Amino acid sequence: MVHSELTILVIDENVIRASIIEEGLRDAGHGNVTVIHEVNGVARIIEALKPDVIVIDIENPNRDMMEHLFQLTRTVGRPIAMFVDRSDTAQIEAAMDAGVSAYVVDGLKKERVKSILDMAVSRFNAFSRLQRELAEAKSALEERKIIERAKGILMKMRGLSEEDAFALLRQTAMNEKKKISEIAQSVVTAAGLLM
């Protein structure tokens, strides 16, 4: 995705600070920037705008506001860069757990906005890739377990060797144009009903 094509939402209650971020983004070639100054109702705006990246700037974060924003960031599934004036370890950990991709304390300078945005997008993409790979690995492991159970059932019920049981699953899957794991699941389900 070309950076100039990014739709960026800036959330900042302070008009002057928001203009610094907006200017930094526009200087970096980002033309599609929307700035809002009110945190209330931001979920509806995100739903309507569907931004590619969210930049949040909080001068003096209080616990309630941070918790509200963290709940929001857990659900949006987009790169989020957050600027704050001061923070503590608990806030940083909460931000990372909530899915904030870049958390910058006392570093709001227009020249830094582009590099921080780029880092947030890169970190978000890397984290998303890891989550996908983990989900695929879990799915593959689950499929493998089901295939093993189905092989065990076929070996017991039909007196087949492990190789023959797998060959039967594979041949049935090819004949029915399905995945082996789907056939294995059918065997496990049928065995559960018959036993």
Side-chain angles (χ1 to χ4, degrees), residues 1-9 30 32 42-56 66-82 89-104 115-195:
M1 181 181 291
V2 179
H3 284 303
S4 60
E5 295 175 5
L6 291 176
T7 300
I8 302 170
L9 174 62
H30 297 288
N32 196 359
V42 73
R44 285 189 305 277
I45 293 168
I46 290 171
E47 182 63 32
L49 188 63
K50 297 186 183 348
D52 298 306
V53 182
I54 299 171
V55 178
I56 302 171
M66 293 298 276
E67 185 55 39
H68 174 70
L69 288 171
F70 292 160
Q71 286 176 353
L72 177 70
T73 58
R74 284 184 190 98
T75 61
V76 297
R78 291 171 178 82
I80 297 169
M82 184 175 282
T89 304
Q91 278 184 339
I92 293 169
E93 288 176 4
M96 294 299 116
D97 288 346
V100 172
S101 305
Y103 190 87
V104 183
S115 61
I116 290 168
L117 183 80
D118 290 346
M119 190 260 302
V121 170
S122 294
R123 185 162 186 254
F124 176 82
N125 289 339
F127 186 71
S128 295
R129 187 174 54 252
L130 286 174
Q131 285 183 312
R132 265 193 318 277
E133 289 171 2
L134 177 61
E136 289 169 5
K138 283 181 178 179
S139 177
L141 181 60
E142 202 54 45
E143 286 179 3
R144 191 78 228 147
K145 285 180 185 178
I146 290 171
I147 291 169
E148 290 300 318
R149 284 178 60 199
K151 285 192 318 188
I153 291 167
L154 291 173
M155 290 165 59
K156 183 177 179 180
M157 293 180 87
R158 289 206 170 174
L160 299 173
S161 69
E162 184 175 357
E163 295 80 22
D164 289 341
F166 185 75
L168 179 59
L169 287 171
R170 185 179 61 231
Q171 188 60 49
T172 304
M174 287 173 23
N175 291 345
E176 294 189 21
K177 294 179 175 44
K178 292 183 176 181
K179 292 172 58 176
I180 292 176
S181 60
E182 292 176 69
I183 299 300
Q185 183 61 60
S186 296
V187 169
V188 170
T189 301
L193 292 173
L194 297 174
M195 292 180 166

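Note that this is a predicted model, so its numbers are computed, not measured. Residue numbers start at 1 and run along the sequence shown.
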Practice problem: Using salt bridge (Lys or Arg N to Asp or Glu O under 4.0 Å) as the criterion, list what pairs up with Arg144, not counting sequence neighbours. | Solution: Glu148
Quiz prompt | Interatomic spacing from OG in Ser181 to CD in Glu142 - rounded to 0.5 Å | solution = 10.5 Å
Self-check item: Residues in salt bridge (Lys or Arg N to Asp or Glu O under 4.0 Å) contact with Lys156, at least two apart in sequence or another chain
Solution: none
Practice problem: Locate the shortest heavy-atom distance separating Pro79 from Ala120; write the atom from each residue and the value. | Solution: CB-O, 3.9 Å
Self-check item: Asp52 versus Glu5, closest heavy-atom pair with distance
Solution: OD2-O, 3.8 Å
Quiz item: Sequence neighbours excluded, which residues qualify as side-chain contact (heavy atoms from CB on, under 4.5 Å) partners of Ala150?
Solution: Leu169, Ala184, Val187, Val188
Exercise. Just grab all the side chain to side chain donor-acceptor pair (under 3.5 Å) pairs involving residues 124-134, residues at least two apart or on different chains.
Key: none
Self-check item: 4.5 Å side-chain heavy-atom contact, Ile180 and Phe166
Solution: yes
Exercise. May I ask you to decide if Ala135's main-chain N or O and Ser139's side chain share a donor-acceptor pair within less than 3.5 Å?
Key: no
Exercise. Measure the shortest side-chain to side-chain distance between Phe124 and Val53 over non-hydrogen atoms and say whether it is less than 4.5 angstrom.
Key: no
Quiz item: With a 4.5 Å limit on heavy-atom distance, are the side chains of Val55 and Ile80 in contact?
Solution: no
Quiz item: Of all residues at least two apart in sequence or in a different chain, which pass the salt bridge (Lys or Arg N to Asp or Glu O under 4.0 Å) check with Glu162?
Solution: Lys151
Quiz prompt | For Lys145, side-chain hydrogen bond (donor to acceptor under 3.5 Å, both in side chains) partners two or more places apart | solution = none
Quiz prompt | Under the salt bridge (Lys or Arg N to Asp or Glu O under 4.0 Å) test, residues paired with Glu163 that sit two or more places apart | solution = none
Quiz item: Can Ile46 and Ile54 be said to form a side chain to side chain contact (heavy atoms under 4.5 Å, CB included), step by step?
Solution: CA-CA 9 Å; Ile46 290 171; Ile54 299 171; 3.7 Å; yes
Quiz item: Which value, rounded to the nearest 0.5 Å, describes the distance between Asp164 atom CG and Leu154 atom CG?
Solution: 10.5 Å
Quiz item: Can you tell me how far CD1 of Ile8 sits from NE2 of His30, rounded to the nearest 0.5 angstrom?
Solution: 4.5 Å
Quiz item: Do Pro51 and Arg78 have side chains that get closer than 4.5 Å, going by heavy atoms?
Solution: yes
Quiz item: Rounded to the nearest 0.5 Å, what separation is found between the CD atom of Glu182 and the CD1 atom of Ile147?
Solution: 10.5 Å
Quiz item: Listed by chain and number, what are the side-chain hydrogen bond (donor to acceptor under 3.5 Å, both in side chains) partners of Glu136, not counting sequence neighbours?
Solution: none
Quiz item: Partners of Glu143 by side-chain hydrogen bond (donor to acceptor under 3.5 Å, both in side chains), sequence neighbours excluded?
Solution: Lys179
Quiz prompt | Results of side-chain contact (heavy atoms from CB on, under 4.5 Å) for Ile45 - residues two or more places apart only | solution = Leu9, Ile36
Quiz item: Of all residues at least two apart in sequence or in a different chain, which pass the side-chain contact (heavy atoms from CB on, under 4.5 Å) check with Thr172?
Solution: Leu168, Glu176, Ile183
Quiz item: Can Thr189 and Gln185 be said to form a side-chain hydrogen bond (donor to acceptor under 3.5 Å, both in side chains), step by step?
Solution: CA-CA 6 Å; Thr189 301; Gln185 183 61 60; 3.3 Å; yes
